[in-house]
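This report refers to the structure that appears directly beneath it.
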Amino acid sequence: MSEIEREVVRTIVGTSNDHFFIVDAKGEVLDVSPGAAAVYGIPREQLIGSTVQHLEEVGVLKPSISLEVIRTGKPVQLMQVTGTGRRVIAEAHPVHVNGKLERIVSRSRDLTDLQLLQDEYALLQKRFSDHLKRSQPGPAIEDARNAEGFNDLEIRSGVMRELALLLKRVAPSDATVLLLGESGVGKTAFAKQLHSWSRRSQGPFVDVNCAAIPDNLFESEMFGYQPGAFSGAARQGKAGLLEQAEGGTLFLDEIGELPLPMQTKLLKVIQDGSVMRLGDTRSRRVDFRLVVATNQNLAKRVEAGEFRLDLYYRVNVIPVTIPPLRERREDIPSLAEACLERLNQRYGQRKLLHGSVWSELMGGDWPGNVRELENWLERAWLSSPSDSIHSPTQGDTAPAPTASRVAVPELPVLDDNEGLPAYLARAEREVLLGLCQSLSSTYAIAERLGISQPSVVRKLRRHGLRIQR
């Protein structure tokens, strides 16, 4: 091995998050990576020259994974408890030369901090259950909320404050966070806040709706492509969304909607830390923090064979469940006030909520959660002729553009020599065009048509349409 190659190996070992041991066939420790001392509680100089038999006897290694390899001659993986009380997952591999065992190379990763975070999350879930049986929090919670800088999340409830505190603790690490909760609870807002708290906050935040990317475009959109990779490819090629997240956070929303073949390709990127563009012959390293979200029960999808078990373990590192709005009504006033401020800025007019609407706001079940609350407030804002906002369902205000009242253009007449597929495509475009002019979001269009929002996104993209309001 040349001096350059030795320096490359030293750099890899010295900068890795894993802790390496190199042991000979008799159990003598020949070399140890610098970071191992902090985990195993003994200076590197004392570890080198010792034996794994002795380290196991004195409790530094419980047990020694290298001894298992010496006994069996096969690779071994196990959990260890070090002399400092750290929990690590270790794996060791034998090095044979001419059929003879010469070296054992082992590496371990400290899981203690991760376990503490998971334990803290479990405690948080218990506190959340207890919270539902208690009364609303007092002024101390509000003061603490402001002091912690959670204003962007618009939270007042104690359980949401604790959840935000947990995310703030997780943020400096690169641990994958799985955001769970019903549709519309604010998973994207929490993902963005997690990014802003992280050491990657100066990098990009790439938001990907997995359900909105057609299967035939998934690979080119996510992985990118080289010039001439396929018919219609851009002449200069294109970096995929995975590359665009370099140095920042990749947020995969609705990850449960990914088809199994796409899950396999995504898992390989997560495991290898590299991506290969379509039409390319070399892989490119990618470095991003992964945050995923879903409103589905991934464990049940795994049991049904619709979600890969290994990908589930990869993304289910720090699971965080965001409670529905009906179970944290204390947050409704701040969410409503923030939404009202945005509406006033958007439409250039100052309006205030009439006192009569608060009973409806605080008493509603809000099955659509924060998203439904915001849509309700926009309908009320637009339907109130004065500066005082009343409920959009009250008789003295203009009715809201509900699903039954939205104008849909008449269907086109079948042209000569026009087949059914062409007619249906033209009719679909006419309907979508009319809804794009009368409704303000893809969610409203989805509700009107009785289909999913990702389906609306795909159809608008296929017809080259955009929301015009």
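With a 4.5 Å cut-off on side-chain heavy atoms, Leu290 and Val292 count as touching. Leu435 places a side-chain heavy atom less than 4.5 Å from the side chain of Leu449. Inter-residue side-chain proximity for Gln244 and Pro204 is flagged as unmet; no heavy-atom pair is nearer than 4.5 Å. In this structure the side chain of Glu378 reaches within 4.5 angstrom of the side chain of Arg346, judged on heavy atoms. The shortest distance between side-chain heavy atoms of Glu91 and Val76 does not fall below 4.5 Å. No side-chain heavy atom of Met262 sits under 4.5 Å from any side-chain heavy atom of Glu219. Contact of the Leu252 side chain with the Leu266 side chain is registered, since non-hydrogen atoms from C-beta on lie closer than 4.5 Å. A 4.5 Å side-chain heavy-atom check between Asp387 and Arg350 finds every atom pair outside the cut-off.
For the side-chain contact (heavy atoms from CB on, under 4.5 Å) test, residues two or more places apart in sequence or in another chain that qualify with Ala211 are Asn209, Glu254, Glu257, Pro454. Listed by chain and number, the residues in a ring-ring contact (aromatic ring centres under 6.0 Å, His included) with Phe21 are Tyr40 (sequence neighbours excluded).
Between Lys62 and Glu56 there is no salt bridge, since no side-chain N of the basic residue sits under 4.0 Å from a carboxylate O of the acidic one. At a threshold of 4.0 Å, the pair Lys300-Glu306 does not count as salt-bridged, since none of the basic side-chain nitrogens sits closer than that to a carboxylate oxygen. Between Arg161 and Asp331 no salt bridge is recorded (no basic side-chain N to carboxylate O distance below 4.0 Å). A salt bridge does not link Arg285 to Glu246: none of the charged side-chain nitrogens sits closer than 4.0 Å to a carboxylate oxygen.
Checking side-chain atoms of Ser201 against main-chain N and O of Trp197 turns up no donor-acceptor pair under 3.5 Å. A donor-acceptor distance shorter than 3.5 angstrom exists from the side chain of Ser173 to the backbone of Val170, with no hydrogens or angles considered. Put simply, the side chain of Arg328 gets close to the backbone of Pro323: a donor and an acceptor are under 3.5 Å apart. Of the possible donor and acceptor atoms, none in the side chain of Ser384 sits under 3.5 Å from a partner among the backbone N and O of Ser386. For the pair His354 (side chain) and Ser356 (backbone), a donor-acceptor distance under 3.5 Å is present. A donor-acceptor pair is defined here as one N or O able to donate and one able to accept, closer than 3.5 Å; no such pair exists between the side chain of Trp376 and the backbone of Leu361. Within the 3.5 Å criterion, the main-chain N or O of Leu432 finds no donor-acceptor partner in the side chain of Lys459. A side-chain donor-acceptor contact under 3.5 Å links Thr82 to the backbone of Val39. A donor-acceptor contact shorter than 3.5 Å is absent between the side chain of Asp31 and the backbone of Ile22. The closest donor-acceptor contact from the side chain of Arg461 to the backbone of Ala212 lies under 3.5 Å.
Using modelled atom types and a 3.5 Å distance limit, the side chains of Arg308 and Gln263 yield no donor-acceptor pair. Looking at His195 and Gln193, their side chains never bring a donor and an acceptor atom within 3.5 Å of each other. Between the side chains of Arg314 and Thr176, no donor N or O sits under 3.5 Å from an acceptor N or O.
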**OP:** Output, in order, the C-alpha distance, side-chain angles, deciding distance and verdict of side-chain contact (heavy atoms from CB on, under 4.5 Å) for Leu217 and Met222.
**Re:** CA-CA 8 Å; Leu217 295 179; Met222 293 294 288; over 6 Å; no
Original post:
Could you go step by step and tell me if Arg371 and Ser183 meet the side chain to side chain donor-acceptor pair (under 3.5 Å) rule?
Top reply: CA-CA 8 Å; Arg371 187 180 297 129; Ser183 178; 3.0 Å; yes
Subject >> Evaluation steps, side-chain contact (heavy atoms from CB on, under 4.5 Å), between Leu373 and Leu325 >> reply: CA-CA 9 Å; Leu373 174 66; Leu325 190 58; 4.1 Å; yes
**OP:** Go through Leu180 and Thr294 one step at a time and tell me if the side-chain contact (heavy atoms from CB on, under 4.5 Å) criterion holds.
**Re:** CA-CA 5 Å; Leu180 303 167; Thr294 183; 3.6 Å; yes
Original post:
Given Arg329 and Asp365, is the salt bridge (Lys or Arg N to Asp or Glu O under 4.0 Å) satisfied, shown in steps?
Top reply: CA-CA 9 Å; Arg329 298 179 189 274; Asp365 282 340; 3.6 Å; yes
**OP:** Under the side-chain contact (heavy atoms from CB on, under 4.5 Å) rule, what do Ile445 and Ile467 come out as? Steps first, then yes or no, please.
**Re:** CA-CA 10 Å; Ile445 294 176; Ile467 301 293; 3.5 Å; yes
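In terms of heavy atoms, Phe218 sits closest to Ile213 at CA-CG2, 3.6 Å. Between His390 and Ala380, the shortest heavy-atom contact is O-CB, 3.5 Å. Pairing each heavy atom of Val370 with each of Leu335, the nearest pair is CG2-CD1, 4.0 Å. Between Pro319 and Asn316, the shortest heavy-atom distance links the atoms CB-OD1, 3.3 Å. Nearest heavy-atom pair across Phe223 and Arg277 is O-CG, 3.4 Å. Among all heavy-atom pairs drawn from Thr442 and Leu460, the shortest one is CG2-CD1, 3.9 Å.
Residues in residues 173-184 take part in these salt bridge (Lys or Arg N to Asp or Glu O under 4.0 Å) pairs, two or more places apart or across chains: Asp174-Arg199, Asp174-Arg200, Glu182-Arg326.
Taking a 6.0 Å sphere around NZ of Lys192, one finds it holds 12 or fewer heavy atoms contributed by other residues, nucleotides or ligands. Heavy atoms from other residues, nucleotides or ligands lying under 6.0 Å from CZ of Arg466 number 12 at most. More than 12 heavy atoms of other residues, nucleotides or ligands shown are found within 6.0 angstrom of CD on Gln349.
For the atom pair CG (Leu167) and CD1 (Ile318), the distance works out to 9.5 Å, reported to the nearest 0.5 Å. Annotation: the span from Leu340 atom CG to Ile389 atom CD1 amounts to 5.0 Å, rounded to 0.5 Å. To the nearest 0.5 Å, atoms CG (Leu267) and CG (Leu260) are separated by 11.5 Å. Here the straight-line distance linking atom NZ of Lys168 with atom CG of Leu166 works out to 13.0 Å at 0.5 Å rounding. For the atom pair CZ of Phe307 and CG of Leu298, the computed distance is 5.0 Å after rounding to the nearest 0.5 Å. Residue Asp253 holds its CG atom at 4.0 Å from CZ of Phe251, rounded to the nearest 0.5 Å.
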